[in-house]
There are 2 protein chains.
Amino acid sequence: MQVVKSKKRRLEIIKDIITSQKISNQSDMLQPLHKAGIEVTQATLSRDLKYLKIAKVPDNNGNYIYTLPKEDNLGRTQQYSPVLDVHPQVGLGGFLSIDFSYNLAIIKTSPGFAGSIAYDIDTGNSPEILGTVAGDDTILIVIGENVSHKRAYEVLAEYIPALRSY
Amino acid sequence: MQVVKSKKRRLEIIKDIITSQKISNQSDMLQPLHKAGIEVTQATLSRDLKYLKIAKVPDNNGNYIYTLPKEDNLGRTQQYSPVLDVHPQVGLGGFLSIDFSYNLAIIKTSPGFAGSIAYDIDTGNSPEILGTVAGDDTILIVIGENVSHKRAYEVLAEYIPALRSY
DNA sequence: TCACAACTTGCATAATTATTCTATATGATA
DNA sequence: TATCATATAGAATAATTATGCAAGTTGTGA
């Protein structure tokens, strides 16, 4: 999907710009983006900033500066959860299937695997995933209101290797 | 020093309002200020917010909320924690955070606390709350059909003291 | 393939926020 | 008290940001 790909890249670049220089309004951010080969309008940038939860904060010098939320800077070095050698069912880590329904996702696993997968998802603290409840072979996942199924899938794929090969 | 005195008071009240309710734009803040006996224009409020370093931050529900800077802003670039439905803070009783998604709420707790909190909610028999499912550190709450998030929050606050301070 | 749903984005503009300009007031100092 | 520097805040407006709408795209399923 071409569009999404470039959007992902754009969001990454926006985060880079935010963290590496002092941007005090959205127009000023269009220039660095242009240098990075990205052409968007202020409207799109406004939406991106909202999506990334980037805020315009008064600084100590009487100006305003856009800053990332705390979590994105600190934690969140997307580490993939190690699953493979711990369990049988090599290659899938117990994962069997995933389905979405509105703001819910249901993951089916081999018996006994739900808890550990749910744990990985929970400890990832992804803002898109509000939380999980796990039984023995089923995980109920509650997704945030403005998160698409596709986005939720991408996030979950960070924690479930089997999803990445789909 | 009449003017300064009332300004100081106003700034305190603004901080109170910011921490106790969800304000998403400056106009909306003029009403609570009025109730507190303070009459100012949006222009002055804008200056006050800048002075207090209060920022308008995108939250998890597709809205914007004004928030105070984190306490540790004693120096450099300030970081804002993203606005959850409620900030996880030094919550007592094991409570960590709450988020809403349509007819569901997810409460995160310290490990082992989910059950007891869920028990309190369940035994409260509030008609707005249909039921809960609790794991070890997560509670899934199903909310009735015509119950707003705000209303649900109020009801839950009856059982979760930590919610009442927001 | 076709129809339909979901996503993305620009344009235009609405909505919101910041600031300039001005007036008034306060505090300090001689 | 007179004078000056500083502070405060409203009105108007500039500047900035958010969003409704429409168009184009992509994904999905019959």
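Both backbone and side-chain heavy atoms feed into the values below; hydrogens, waters and symmetry mates do not.
- B:Lys15 has a carboxylate O that lies under 4.0 Å from a charged side-chain N of B:Glu12, or vice versa, which qualifies the two as a salt bridge.
- What separates NZ of B:Lys53 from P of C:dA18 is a distance of 13 Å, to the nearest Å.
- Going from atom NZ of B:Lys7 over to atom P of D:dG10 covers 12 Å, rounded to whole Å.
- In this structure, B:Lys7 NZ and B:Thr44 OG1 are separated by 9.0 Å, a value rounded to the nearest 0.5 Å.
- Within the 4.0 Å cut-off from OP1 or OP2 of C:dT9, at least one side-chain nitrogen or oxygen of A:Arg10 is found.
- A donor-acceptor distance shorter than 3.5 angstrom exists from the side chain of A:Asn25 to the backbone of A:Ser27, with no hydrogens or angles considered.
- For the contact set between residues 40-50 of chain A and DNA chain D, defined by any heavy atom under 4.0 Å, the members are A:Gln42, A:Ala43, A:Ser46, A:Arg47, A:Lys50.
- Within the 4.0 Å cut-off from OP1 or OP2 of D:dT16, not a single side-chain nitrogen or oxygen of A:Lys56 is found.
- Taking A:Ser46 as the reference, A:Gln26, A:Gln42 meet the side-chain contact (heavy atoms from CB on, under 4.5 Å) condition, with sequence neighbours excluded.
- Distance A:Gln26 CD to D:dT17 P: 4 Å, rounded to the nearest Å.
- Looking at A:Asp59, its side chain does come within 3.5 Å of a backbone N or O of A:Gly62 through a donor-acceptor pair.
- Taking CD1 of A:Ile107 as the start and CD1 of A:Ile141 as the end, the distance is 3.5 Å to the nearest 0.5 Å.
- Between atom CG of residue B:Asp28 and atom OH of residue B:Tyr66 there is a gap of 9.5 Å, rounded to the nearest 0.5 Å.
- With values rounded to the nearest 0.5 angstrom, A:Leu156 atom CG is found 4.5 Å from A:Ile129 atom CD1.
- A:Asn25 places its CG atom 15 Å from the C1' atom of D:dA18, with the value rounded to the nearest Å.
- Across all strands, A:Tyr66 comes closer than 4.0 Å only to sugar-phosphate atoms, never to a base (heavy-atom distances).
- When rounded to the nearest whole Å, the span between OH of A:Tyr153 and C1' of C:dA6 equals 17 Å.
- Direction change of the helix axis from one end of the helix from C:dT1-D:dA30 to C:dA30-D:dT1 to the other is 30°, with five pairs defining each end axis (rounded to 10°).
- Rounded to whole angstrom, the span from the OH atom of B:Tyr51 across to the C1' atom of D:dT8 amounts to 13 Å.
- In this structure, the OH atom of A:Tyr64 is 17 Å from the P atom of C:dT16, given to the nearest Å.
- Atom CG of residue A:Leu11 and atom CG of residue A:Asp16 lie 11.0 Å apart, to the nearest 0.5 angstrom.
- Regarding A:Leu30, its CG atom lies at a distance of 12 Å from the P atom of C:dC11, rounded to whole Å.
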